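The model shown is predicted, which means the values in this text are computed figures rather than measured ones. Just the heavy atoms: all of them, side chains too, but no hydrogens, waters or symmetry mates, feed the values below.
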Amino acid sequence: MPAQLGGASLNLQGGRNSPGIRYLASNNAFHFDAEGKAVGGFFWDGRASSLQDQAGKPFFNPKEMANESIEALIAKLARASYAAEFAAMFGADIFSRPQDALNRMTLVLQAFEQSPEFQPFDSKYDEFLRGKLTLSPQELRGLALFNAKDKGNCAACHPSAKGADGSHPLFTDFSYDNLGVPRNPKLSQNADPAFFDLGLCAREGGELSARQELCGAFKVPSLRNVTQRLSYFHNGRFTSLREVLQFYVQRDTDPQKWYSLAADGRVNKFDDLPAALHKNVNISEGPYNRKPGEAPALSEQEIDDVLAFLATLSDGFKR
């Protein structure tokens with residue numbers, strides 16, 4: 001399923017694939033860097049400023065937990081099995097102060113998501129970086145293809161090297177990109193042909209609505225544990241990681257494989273964006289800089305190698 005069901009009766013489909021919440025402790029609030037590049041923030045569109053802010057929003061989203069008010073939510077918290085522990089930590093009268101209780105509850109969730117459990121750095125690749133093992137020949141080939149600018153060029157947004165301070169990579173630079181991901185007909189909101197999820201420029205608050213160049217851009221996710229995901233991209237369009245890699249390298253060489261067709265048989269390339277915004281799609285960086293009929297940046301065998309490398313990024317590696 002591209003988006004989970006929620007709402008009061010658990011029958012309303014969300015509009016986006018749920019993003020991962022591991023390895024976010026070092027992320028920060030949304031901002032534009034010195035080069036004017038959008039970075040940071042939480043959720044696909046960066047609308048939450050912190051893990052605490054992110055933790056609070058699903059409680060009141062009508063398509064998620066759908067609580068009607070802060071008071072109603074805190075009344076449920078007061079009936080929880082751990083209510084006495086919560087009150088012992090934050091005061092016996094905490095439930096009589098709903099806004100304070102909500103603040104403490106989301107603070108606790110943030111603390112949990114900042115714990116080592118959410119960023120254990122215990123994958124096979126982490127052990128490789130520590131010099132405790134070597135990767136297989138296929139995994140090493142996949143790493144080289146992942147990094148190579150003329151091949152996968154994945155490391156451009158998903159850095160794979162240690163930081164200058166020796167920290168292990170998060171496999172995201174927390175930036176935003178517009179990849180022209182195909183429209184997903186399995187999302188109920190897409191039954192309306194006039195609807196388009198415009199990501200960064202359409203987020204709540206409207207402060208970025210005038211930045212048309214940001215329309216269609218979504219957060220670059222971490223690739224840690226990527227093989228364990230059930231669907232990919234903000235709209236859940238793909239359910240196979242192989243298909244994701246094929247799309248990356250064949251989007252421009254074989255667009256007919258990925259996009260809908262017009263009545264006259266022409267390919268509706270970038271069909272999940274209004275035509276006026278097609279210019280926002282990344283077509284300058286590899287592997288997106290190829291033309292129809294050219295060879296994709298990665299062969300099927302090379303995709304096998306990259307998949308083998310990506311499998312080394314899963315937490316909980318045991319020798």
Count I, L, V, M, F, W, Y as connected when their side-chain heavy atoms are under 4.5 Å apart, and connections chain through other members. Are [X] and [Y] then in the same cluster?
X	Y	value
Leu12	Met65	no
Val108	Phe60	yes
Phe42	Val39	no
Val220	Leu179	no

Does the ring center of Trp44 lie less than 6.0 Å from the ring center of Phe233? no

Could I get the full list of side chain to side chain donor-acceptor pair (under 3.5 Å) partners for Asn235, not counting sequence neighbours?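 Asn235 satisfies side chain to side chain donor-acceptor pair (under 3.5 Å) with no other residue.
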
Test His234 against every option in Phe43, Tyr176, Phe218 by the ring pair (Phe, Tyr, Trp, His ring centres under 6.0 Å) rule and name the one that passes.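 Going through the options one by one, the only one that passes is Phe218.
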
Residues which pass side-chain contact (heavy atoms from CB on, under 4.5 Å) with Phe32, listed by chain and number, not counting sequence neighbours: Phe30, Ala38, Leu208, Arg211, Leu214

Using the test salt bridge (charged side-chain N to carboxylate O under 4.0 Å, His left out), find all partners of Asp173 that sit at least two apart in sequence or belong to another chain. Lys37

Please say whether the positively charged group of Arg224, taken as NZ for Lys or CZ for Arg, lies over the ring of Phe171, i.e. under 6.0 angstrom from the six-membered ring centre and within 45 degrees of the axis. no

Contacts table for residues 72-92: side-chain donor-acceptor under 3.5 angstrom, sequence neighbours left out:
| residue | atom | partner | partner atom | Å |
| --- | --- | --- | --- | --- |
| Lys76 | NZ | Asn67 | OD1 | 2.7 |
| Arg79 | NH1 | Ala75 | O | 3.3 |

According to the ring pair (Phe, Tyr, Trp, His ring centres under 6.0 Å) rule, which pairs have a member within residues 294-319, sequence neighbours left out? Tyr125-Phe309, Phe146-Phe309

Applying disulfide bond (SG atoms under 2.5 Å apart) as the test, list every pair that has at least one member in residues 93-203; sequence neighbours left out.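 As it turns out, the disulfide bond (SG atoms under 2.5 Å apart) pairs with a partner in residues 93-203, which skip direct neighbours, are Cys201-Cys215.
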
Asn280 versus Asn178, side-chain donor and acceptor atoms under 3.5 Å: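 Short answer, no.
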
Whether the Gln13 and Ser188 side chains hold a donor-acceptor pair (N or O, under 3.5 Å, no angle test) is what I'd like checked. yes

